[in-house]
Amino acid sequence: MDHIPQQVDSKFRYILLASARAEQIMKGARPKVDDPSDKKATAIAIEEMHGDRVPWSLGPGADKEPAASHNADPDPALI
């Protein structure tokens, strides 16, 4: 795993994406590679990631806090 696709920002995210895609394939998703026969789901997922065939996005930013009601009384267990 010396080379990760350019659109993936870290090795950790690459592993998460590839493992999620491998799980989808094992559950019956159609592989997006030319010849998926005789390949394990993880190998197919990695090949798809390198071919930029799996769309993904980061979703909402981690720096955003979930919306909280400012009118609610604080939870005494948290104080």
Side-chain angles (χ1 to χ4, degrees):
M1 192 178 81
D2 296 332
H3 180 273
I4 62 173
Q6 186 175 12
Q7 69 274 14
V8 181
D9 60 342
S10 69
K11 288 181 182 180
F12 181 74
R13 187 172 324 278
Y14 174 68
I15 295 298
L16 290 176
L17 292 168
S19 66
R21 180 60 184 151
E23 188 174 343
Q24 289 175 347
I25 293 168
M26 289 187 289
K27 288 182 178 181
R30 291 182 128 176
K32 299 179 180 185
V33 295
D34 295 329
D35 184 22
S37 62
D38 297 332
K39 292 182 184 175
K40 293 183 179 182
T42 51
I44 294 170
I46 289 170
E47 187 176 336
E48 289 177 348
M49 292 294 298
H50 280 283
D52 197 24
R53 297 179 183 180
V54 180
W56 65 276
S57 67
L58 293 176
D63 58 328
K64 295 181 182 176
E65 293 183 26
S69 174
H70 296 289
N71 297 333
D73 291 330
D75 185 359
L78 299 176
I79 296 176

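The residues of the chain are indexed from 1 along the displayed sequence.
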Can you pull out every ring pair (Phe, Tyr, Trp, His ring centres under 6.0 Å) where at least one residue sits in [range]? Sequence neighbours excluded, please.
range: residues 16-35; value: none
range: residues 16-36; value: none
range: residues 16-40; value: none
range: residues 17-44; value: none

Practice task
Begin with the C-alpha distance, continue with both residues' side-chain angles, and end with the deciding distance and a verdict on side chain to side chain contact (heavy atoms under 4.5 Å, CB included) for Val54 and Leu17.
Solution key: CA-CA 9 Å; Val54 180; Leu17 292 168; over 6 Å; no
Determine all donor-acceptor pairs shorter than 3.5 Å in which one atom belongs to a side chain in residues 24-33; sequence neighbours excluded.
| unit_1 | atom_1 | unit_2 | atom_2 | d |
| --- | --- | --- | --- | --- |
| Gln24 | OE1 | Arg21 | NH1 | 3.0 |
| Lys27 | NZ | Glu23 | OE2 | 3.3 |

Practice task
Under the side-chain contact (heavy atoms from CB on, under 4.5 Å) rule, collect the residues that match up with Ser19, sequence neighbours excluded.
Solution key: none
Completion exercise
Sorted by chain and residue number, the side-chain contact (heavy atoms from CB on, under 4.5 Å) partners of Ile46 (sequence neighbours excluded) come out as Tyr14, Ala18, His50
Completion exercise
With sequence neighbours left out, the residues meeting salt bridge (Lys or Arg N to Asp or Glu O under 4.0 Å) with Arg53 are none
Exercise for the section: List in chain and number order the residues that pass salt bridge (Lys or Arg N to Asp or Glu O under 4.0 Å) with Asp9, two or more places apart in sequence or in another chain; answer none if no residue qualifies. Expected result: Arg13
Handout entry: All side chain to side chain donor-acceptor pair (under 3.5 Å) counterparts of Lys40, not counting sequence neighbours
Key = none
Exercise for the section: Tell me, please, which residues at least two apart from Ser37 pass side chain to side chain donor-acceptor pair (under 3.5 Å). Expected result: Asp35
